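To start, the structure itself, in structure tokens.
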Amino acid sequence: MPPVATHDDRDASAQVPTNSERVAALKAENEITVFNPFYSPSIADDGDDTYEFAQFKPSFPKLSWPPLTEVPFSDRGLVADPEKKSLFGAAAKVRHLTPAIGTELLGIDLRQLSDTQKDELALLVAERGAVFFRDQEIDIYGQLDIARHFGPLHKHATTPIPRNGLEEAHVVYNDHSRRPDPASFSKLELWHTDVSYEIQPPSTTSLKVVTGPEVGGDTLWSSGYALYSSFSPGFQKYLEGLSAVHSAVAQADGARGAGLHVRREPIETVHPVVRVHPATGWKSIYVNPGFTRRIVGVPKAESDAILSLIFHQISENPDFQVRFKWEKNSVAFWDNRVVTHSATFDFWPATRHALRATPHGERPTSVADYEKQTGKVAKDRQLEIWRQQGIDPAGIVSDPTKLKARGYND
């Protein structure tokens with residue numbers, strides 16, 4: 001009977017890997033093929049330099065920028081015609097996609113917008129959260145020009161800029177060479193408001209997908225107005241008195257973990273949980289899973305419970321959301337002050353390439369500060385909509401028993 005081979009006698013190729021070897025192999029595989037699409041920027045590049053938009057592929061130049069400081073800002077929606085006659089008059093059709101959020105304007109060429117129409121667009125985006133256009137030939141330079149009308153442009157500290165060095169353009173790029181790793185993130189965590197940790201986070205932001213998959217890669221937006229309106233009056237009042245910490249640290253750590261240079265040191269900033277939009281005067285929840293870390297001045301268990309409730313409502317309640325299917329030359333505008341958004345990562349191995357123009361807004365204003373500074377009463381958007389529809393909301397708010405239970409089936 002032949003002797004039984006011991007571990008040391010076996011052929012090396014047949015040996016069972018040790019735990020450390022498994023970990024090392026897994027780490028190597030992850031570094032090559034997978035990434036967290038939120039905190040670790042994709043450094044994908046399929047190597048095709050003949051690609052039509054190769055000059056806008058991602059690059060990570062080793063630049064260093066000073067900290068941002070507060071600058072004057074006045075929202076363009078404040079000077080807009082509330083009826084938006086100039087903008088709507090140029091549209092072949094105005095189509096609201098849901099009651100709470102999302103409007104599509106047909107027949108408008110963004111390259112031809114007058115300053116008056118830009119002001120009205122800013123107000124429309126502030127009211128509807130997100131506004132969509134199809135068949136637009138506008139390029140990133142035109143996008144940036146429109147964005148400058150809304151405010152000074154933001155330059156991102158960690159995400160890629162185009163190869164051609166256009167620092168104020170934000171690149172979104174994924175191709176077959178890198179795939180998102182579902183083990184590194186949850187879908188809830190992908191919901192965010194762009195760089196909400198900044199002192200003056202973004203306002204009226206635009207994105208154009210220059211190359212997209214035939215199907216998939218949609219973007220969803222969720223209304224902070226509708227989220228605020230969904231809560232009870234007592235809880236609304238409680239939230240209005242709270243502030244939360246928004247942090248850039250995880251995003252900077254993700255970039256450094258990918259071997260990339262962080263162009264501006266990360267910061268953490270405290271913003272009100274409920275902010276008021278300067279042009280609409282409506283109250284919006286302003287926390288998001290991507291960057292909000294904790295509620296200030298309350299026990300951790302309480303902070304965790306509040307944020308968990310809000311985060312799950314953002315991601316799970318379809319009544320607050322609109323979903324946009326990108327087509328060639330589609331452009332989306334959204335107001336980062338009053339909506340959160342998330343992309344679907346269902347298109348790999350197809351390429352999805354987009355360019356974003358991101359103007360700063362004002363430092364977020366709490367309900368108390370807004371009312372003190374303006375002498376106006378901040379409003380609940382849903383109550384204002386009901387009033388416009390001839391419904392007196394007073395009875396609904398003061399006596400919830402008047403709302404009769406009913407079935408719902410679809």
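Computed from a prediction, not measured in an experiment: that's the story for all the values here.
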| message | Between Ile146 and Ile138, does the side chain to side chain contact (heavy atoms under 4.5 Å, CB included) criterion hold? Intermediate values first, please. | response | CA-CA 10 Å; Ile146 293 176; Ile138 192 169; 3.7 Å; yes

| request: Kindly determine whether Ser229 and Asp380 satisfy side chain to side chain donor-acceptor pair (under 3.5 Å), including the steps that lead there. | output: CA-CA 6 Å; Ser229 297; Asp380 180 326; 2.5 Å; yes

| message | One pair to check against side chain to side chain contact (heavy atoms under 4.5 Å, CB included): Val210 and Ile140. What are the steps and the verdict? | response | CA-CA 10 Å; Val210 297; Ile140 183 57; over 6 Å; no

| said: One pair to check against side chain to side chain contact (heavy atoms under 4.5 Å, CB included): His192 and Gln251. What are the steps and the verdict? | reply: CA-CA 12 Å; His192 65 284; Gln251 196 168 54; over 6 Å; no

| task | Please report the C-alpha distance between Val338 and Trp282 in whole Å, then the side-chain angles of each, then the deciding distance to 0.1 Å, and finally whether the side chain to side chain contact (heavy atoms under 4.5 Å, CB included) criterion is met. | result | CA-CA 9 Å; Val338 298; Trp282 296 339; over 6 Å; no

| query | Can Arg134 and Ser330 be said to form a side chain to side chain donor-acceptor pair (under 3.5 Å), step by step? | reply | CA-CA 4 Å; Arg134 304 284 189 185; Ser330 294; 3.0 Å; yes

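Residue Thr116 holds its OG1 atom at 9.0 Å from CZ of Arg76, rounded to the nearest 0.5 Å. Here Thr158 contributes atom OG1 and Arg256 contributes atom CZ; the two are 10.0 Å apart, rounded to the nearest 0.5 Å. Atom CG of Asp46 is separated from atom OG1 of Thr351 by 5.5 Å, given to the nearest 0.5 angstrom. Rounded to the nearest 0.5 Å, atoms CD1 (Ile310) and OG1 (Thr292) are 8.5 Å apart. Here Thr211 contributes atom OG1 and Asn174 contributes atom CG; the two are 12.0 Å apart, rounded to the nearest 0.5 Å. Taking CD1 from Ile295 and CG from Leu307, the interatomic distance works out to 4.0 Å, rounded to the nearest 0.5 Å.
Side chain of Gln117 to main chain of Ser114: a donor-acceptor pair is present (N/O by atom type, distance under 3.5 Å, no hydrogens or angles). Using a distance-only test at 3.5 Å, with no hydrogens or angles considered, no donor-acceptor pair links the side chain of Thr344 to the main chain of Asp346. Side-chain N or O atoms of Arg352 include none that pairs as donor or acceptor with a backbone N or O of Gly212 at under 3.5 Å. Judged purely by atom type and a 3.5 angstrom limit, Lys376 has no side-chain atom pairing as donor or acceptor with the backbone of Gly281. Of the possible polar contacts, one joining the Gln136 side chain to the Leu110 backbone as a donor-acceptor pair under 3.5 Å is found. With Gln321 contributing its side chain and Ser315 its backbone, the two residues share a donor-acceptor pair below 3.5 Å. For Glu371 (side chain) and Ala378 (main-chain N/O), a donor-acceptor pair under 3.5 Å exists by modelled atom type. Under a 3.5 Å cut-off, the side chain of Ser203 and the backbone N or O of His360 do form a donor-acceptor pair. In this structure, His261 contributes its side chain and Phe60 its backbone to no donor-acceptor pair below 3.5 Å. A donor-acceptor pair under 3.5 Å is absent between the side-chain atoms of Glu240 and the main chain of Val274, judged by distance alone.
Residues satisfying the side chain to side chain donor-acceptor pair (under 3.5 Å) criterion with Arg294, sequence neighbours excluded, are absent altogether.
Ring geometry for Phe235 versus Phe231: interplanar angle over 60°, hence perpendicular rather than tilted (30 to 60°). Ring orientation note: the planes of Tyr51 and His353 are tilted relative to one another, at an angle of 30° to 60°.
Scanning both residues, Val171 and Ile161, for their nearest heavy atoms gives CG2-C, 3.6 Å. Minimum interatomic distance between Tyr370 and Val377 (heavy atoms only, all atoms of both residues): CE2-C, 4.3 Å. Between Leu144 and Ala357, the shortest heavy-atom contact is CD2-CB, 3.7 Å. Contact between Tyr286 and Thr193 at its shortest, heavy atoms only, is CE1-CG2, 3.9 Å. Taking every heavy atom of both residues into account, Ile199 and His271 meet most closely at O-CE1, 3.7 Å. For the pair Leu207 and Ala354, the tightest heavy-atom approach, listed with the atom from each and the gap, is CD1-CB, 3.7 Å.
Using a 4.5 Å cut-off on side-chain heavy atoms (C-beta onward), Asp75 and His277 make contact. When side chains are defined from C-beta on, Ile306 counts as touching Leu242, because their heavy atoms get closer than 4.5 Å. A 4.5 Å side-chain heavy-atom check between Arg263 and Glu167 finds every atom pair outside the cut-off. You'll find the side chain of Leu121 reaches within 4.5 Å of the side chain of Phe133, heavy atoms only. Contact of the Val215 side chain with the Phe347 side chain is not registered, since no non-hydrogen atoms from C-beta on lie closer than 4.5 Å. Looking at Arg111 and Asp139, their side chains never come closer than 4.5 Å, going by heavy atoms from C-beta outward. Looking at Ser284 and Tyr228, their side chains never come closer than 4.5 Å, going by heavy atoms from C-beta outward. Residues Tyr173 and Phe53 fail the side-chain proximity criterion, which asks for heavy atoms closer than 4.5 Å.
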May I have the list of side-chain donor-acceptor pairs in residues 86-96 shorter than 3.5 Å, sequence neighbours left out?
{"residue": "Arg95", "atom": "NH2", "partner": "Glu104", "partner atom": "OE1", "Å": "3.1"}
{"residue": "His96", "atom": "ND1", "partner": "Thr103", "partner atom": "OG1", "Å": "2.7"}

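Under a cut-off of 6.0 angstrom, the local environment of NZ in Lys187 is crowded, with over 12 non-hydrogen atoms contributed by other residues, nucleotides or ligands. Crowding of Gln389 atom CD: a count of heavy atoms from other residues, nucleotides or ligands under 6.0 Å exceeding 12. By the neighbour-count criterion of 12 heavy atoms within 6.0 Å, atom NZ of Lys379 is sparsely surrounded, having that number or fewer from other residues, nucleotides or ligands.
The closest side-chain donor-acceptor pair between Asn317 and Gln313 falls under 3.5 angstrom. Ser247 and Glu268 form a side-chain donor-acceptor contact under 3.5 Å, judged by distance and modelled atom types alone.
The existence of a salt bridge linking Glu198 and Arg337 is excluded, since no basic side-chain nitrogen approaches an acidic carboxylate oxygen closer than 4.0 Å. A salt bridge links Arg163 and Asp45; the closest N-O separation between the charged side-chain nitrogens and carboxylate oxygens is under 4.0 Å. A salt bridge does not link Glu384 with Arg381: none of the charged nitrogens is closer than 4.0 Å to a carboxylate oxygen. Comment: Arg148 engages Asp145 in a salt bridge, judged by a side-chain N to carboxylate O separation of less than 4.0 angstrom.
A side chain to side chain donor-acceptor pair (under 3.5 Å) with His170 is found for exactly one of Thr159, Thr205, Asp194, Thr358, namely Thr159.
Side-chain rings of Trp221 and Phe132 approach one another, their centers coming within less than 6.0 Å.
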